[in-house]
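Below: the structure, in structure tokens.
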There are 2 protein chains.
Amino acid sequence: MTDTPPARRAARVTLREVAERAGVSRSAVSFVMNGRTDQRLSDDVFDRVRRAADELGYRPNITAQTLRTGRSGTVALVSDFVSSTSFANSMVRGAMQELREHDTLLFTVDTQGDADLEDQLLHSLLGRNIDGVIYASMFTRTVTLPRVLEGVPTVLLNCVTVDGSIDAVVPDEIAAGRDAARMLLDHGHRDGIWFVGDLPAGSRGGAAWPEWDPIALTERLAGIDQVLTAAGTTLAGVTAIDDDWDVANGRRAVSRMLAEARGAPTALVCANDALAVGAYQALHHAGLSVPADVSVIGFDGSPYARAVEPELTSIALPHIELGRQAAAMLAAPGDSPRIERVPMPIRVGGSVGGPPSL
Amino acid sequence: MTDTPPARRAARVTLREVAERAGVSRSAVSFVMNGRTDQRLSDDVFDRVRRAADELGYRPNITAQTLRTGRSGTVALVSDFVSSTSFANSMVRGAMQELREHDTLLFTVDTQGDADLEDQLLHSLLGRNIDGVIYASMFTRTVTLPRVLEGVPTVLLNCVTVDGSIDAVVPDEIAAGRDAARMLLDHGHRDGIWFVGDLPAGSRGGAAWPEWDPIALTERLAGIDQVLTAAGTTLAGVTAIDDDWDVANGRRAVSRMLAEARGAPTALVCANDALAVGAYQALHHAGLSVPADVSVIGFDGSPYARAVEPELTSIALPHIELGRQAAAMLAAPGDSPRIERVPMPIRVGGSVGGPPSL
DNA sequence: CTGAAAGCGCTTACAG
DNA sequence: CTGAAAGCGCTTACAG
């Protein structure tokens, strides 16, 4: 972008020209354009200015306003991968929608998890007088807020700081775990419920991002445990997944589990939809059908859920709503740090039924 | 965002302070910061300025630079739905990556196809002195460039104008169609090749966006026709899809087709991956297996392709590369309108084999 | 009720 | 080789 000529520079009408045409001072035009009725300008002046502005097609130079006021009507969504990958991307949509209501435009920036790049981008954004930052993560996890953001209005999206000192919006994973367990109990399952997708012993956050600490898994399991415990039972087992939570690993893990498990499972709760699809395949190979023989629940509400037959019942990540609420929080600053937990809706497919014994 | 205090306003170091600390003029600081060696400043001045800037943690106020120069180091990706939906969203990623190389930040804006909203957003962006616009569409189609963009450096992403007068980057759909056909011919298919996914007679662009004119379908079919014709054969048939190109409609259409078709198909080319997944299901219900009885090819390279067994062979939309090239084109303006056709890579799964007769 | 003036933080001819 | 000054297009006390 070094040698492009400035966009439409010559053509733009300026406030001064509006003032001249309307025969008033520049102050008056400014007041009218900003709808400041507290200046008790005459109706006549209001009309003349509006007309002149319309006729000239005047559009305020927001850069100049920003320089003067320090406010840009601009916000940045800074994330690791959110805006550049399909998964989780709807958070951007939610944020954009809400920001529209506040006449605020959105910068979108991904750091790929690179701290230097992040620092550079944040400085670049701050140099443009952004009014605030939505700091987002693709996976729900704990983060450390970059130091540059101290003093900058910031809301965390899909992540939290360890001390909970920063406004944050996260999915309600514990409730989601409870919902999954409750749904299975309601269908009559009890002692044959397995969880598919624990991390390999000793690891945190999966192979791809070993240093990350995903709280989704922990909380989903916690929610499930709560409900099962209250019902006087417990998970029949938990199967680890070696690497990524993808279809092939799900198939492999469930095949192994079916071969090894004493007492056939009646239901599988899978850490995400891709694993659940793998589970479908493993069940199919074992001659078991969903949901007649085994019920399956996934998490995420991803396209995977609609790619299988019967469609997968999945507890969806409310990405749009997460994004929207983060933007709303940024727009309406509160005093104490707020941690908003957004409910995860259940997308009902046909993958949950009663246990085969009933 | 009306009542937030300006971000870090008080804290920012200004060029004047650097000048004072270094004991030089503001001009000198400006020249040093912009690396202008043509001013023949002494090495001593250079050093003193750099040191002062470092010590004070000086960061130029880009808003002020923009006001002065008319250039903001900022570009907008304006689209219908690209940045707010998962599909096609990787175009944003490609654009961001390329823009990084040019120290340019990206505004992201979706109009939901609403012309008024689009107009409003474009004015808002232009008022912020953006240097250029990437005008993108979720589906490959023809567009009319908004009038506000006349005179603004613009590159079309995944769309073209009817007259081809604006720089554009689109996937090479014709070549993709050819590739699909050639792959099937290479595997020995010939007279049993069906296409799944034509529009219902008389409609354009699908039920959801009736006024749109998707060129993908036309061009894919054209490419297929070219190759089959050259090989002395032709499509055995084309099945229409009523509404959206989704899994359920694909299943229904292929079931119907299998029931009605004279001469069993040996291969299905599906207009997108979701339809292909539906085709898998229909074939399965009919007791046919992929690829032993019927080969299947999809388009898009979406997650659907990995949700089925065997994995679907799909001709992928090169979203990242599309975005990257659009950004590169914007950064390096050429004189004549350029239409760049980006190859669509074949993601080989296990869904293509020889026809059953071989 | 209205207008002249200062100033936001830069860049860049221009004079010395 | 360096510095003082104008100006980008606004907003906003301040004086009238």
Side-chain angles (χ1 to χ4, degrees), chain A residues 2 5-20 22-49 53 56-73 124 126-129 131, chain B residues 2 5-20 22-49 53 56-73 124 126-129 131:
Chain A
T2 18
R8 333 203 66 203
R9 182 101 171 272
R12 291 203 71 110
V13 174
T14 165
L15 179 141
R16 148 173 273 135
E17 298 171 57
V18 177
E20 279 163 9
V24 300
S25 70
R26 294 196 273 149
S27 331
V29 177
S30 176
F31 291 140
V32 171
M33 294 314 292
N34 293 312
R36 291 191 49 175
T37 48
D38 56 325
Q39 299 293 319
R40 286 193 284 159
L41 297 170
S42 66
D43 287 354
D44 180 50
V45 165
F46 250 92
D47 286 350
R48 295 215 312 271
V49 169
L56 295 171
Y58 171 67
R59 305 278 171 175
N61 180 324
I62 302 178
T63 302
Q65 292 178 328
T66 300
L67 180 60
R68 187 51 232 253
T69 63
R71 320 210 67 263
S72 62
S124 177
L126 260 13
R128 287 176 173 83
N129 292 279
D131 299 331
Chain B
T2 18
R8 331 201 66 202
R9 180 100 171 275
R12 291 203 73 110
V13 174
T14 164
L15 178 143
R16 146 173 275 134
E17 298 170 57
V18 177
E20 280 164 7
V24 301
S25 71
R26 294 195 272 149
S27 330
V29 177
S30 176
F31 291 140
V32 172
M33 294 315 291
N34 294 312
R36 293 191 49 173
T37 47
D38 56 325
Q39 298 293 318
R40 286 192 285 162
L41 296 169
S42 67
D43 287 354
D44 181 50
V45 166
F46 250 91
D47 285 351
R48 294 213 316 270
V49 169
L56 295 172
Y58 171 67
R59 304 278 171 176
N61 180 323
I62 301 178
T63 302
Q65 291 178 326
T66 300
L67 180 59
R68 189 51 233 251
T69 64
R71 319 208 71 263
S72 62
S124 178
L126 261 11
R128 287 175 173 84
N129 293 279
D131 299 331

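Heavy atoms only: backbone and side chains are in, while hydrogens, waters and symmetry mates are out. Labels below follow one simple rule: chain letters A, B, ... track the order of the sequence lines, proteins then strands, and each chain is numbered from 1.
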Check: Tell me, do B:F31 and B:S27 make a side-chain contact under 4.5 Å, heavy atoms counted?
Finding: yes

Note to self: Has B:R12 got a side-chain atom pairing as donor or acceptor with B:R59's backbone, closer than 3.5 angstrom?
What the structure shows: yes

Checklist line | Atom-to-atom span, CG of A:L126 to C1' of C:dG9 - whole angstrom | finding: 16 Å

Item checked: Options C:dT12, C:dT2, D:dG9, nucleotide nearest the side-chain atoms of A:N61 -> D:dG9

Notebook entry, point to check: Looking across every strand, which nucleic acid part, if any, lies under 4.0 Å from A:S42 by heavy atom: base, sugar-phosphate, or nothing?
Noted result: sugar-phosphate

Next item on the list: Could you state the atom-to-atom distance from CZ of B:R12 to C1' of C:dC8 in whole Å?
Entry: 13 Å

Notebook entry, point to check: Mapping B:A64 and B:S27 to their closest nucleotides on DNA chain C, which lands nearer the 5' end?
Noted result: B:A64

Item checked: C:dT12 OP1/OP2 closer than 4.0 Å to side-chain N/O of B:R36 -> yes

Checklist line | Side-chain donor/acceptor of B:S25 to base of D:dA4, under 3.5 Å | finding: no

Item checked: Least distance between heavy atoms, B:S72 atom then B:N129 atom -> OG-O, 2.6 Å

Note to self: With a 4.5 Å cut-off on side-chain heavy atoms, are B:S30 and B:N34 touching?
What the structure shows: yes

Notebook entry, point to check: With a 4.0 Å cut-off on heavy atoms, is B:T14 in touch with a base, just the backbone sugar-phosphate, or nothing at all?
Noted result: sugar-phosphate

Next item on the list: Round to a whole Å and report the spacing from CZ of B:F46 to P of D:dC1.
Entry: 12 Å

Check: How about A:Y58 and A:M33: do any of their side-chain heavy atoms sit closer than 4.5 Å?
Finding: yes

Item checked: 5'-to-3' dot-bracket of DNA chain C (Watson-Crick, G-U; under 3.5 angstrom; crossing pairs as [ ]; | other strand) -> |||.||||||||.|||

Next item on the list: Find the distance B:F31:CZ to C:dG9:P and express it as a whole number of Å.
Entry: 20 Å

Note to self: Nearest whole Å is fine: how far is C:dA5 C1' from A:R26 CZ?
What the structure shows: 9 Å

Margin query: Atom CG of residue position B:D44 - does it have more than 12 heavy atoms of other residues, nucleotides or ligands inside 6.0 Å?
Written below: yes

Check: Any idea which heavy atoms bring B:V18 and B:V49 closest together, and the distance?
Finding: CG1-O, 4.1 Å

Next item on the list: Whole angstrom is fine here: how far is it from CG in A:L67 over to P in C:dA6?
Entry: 17 Å

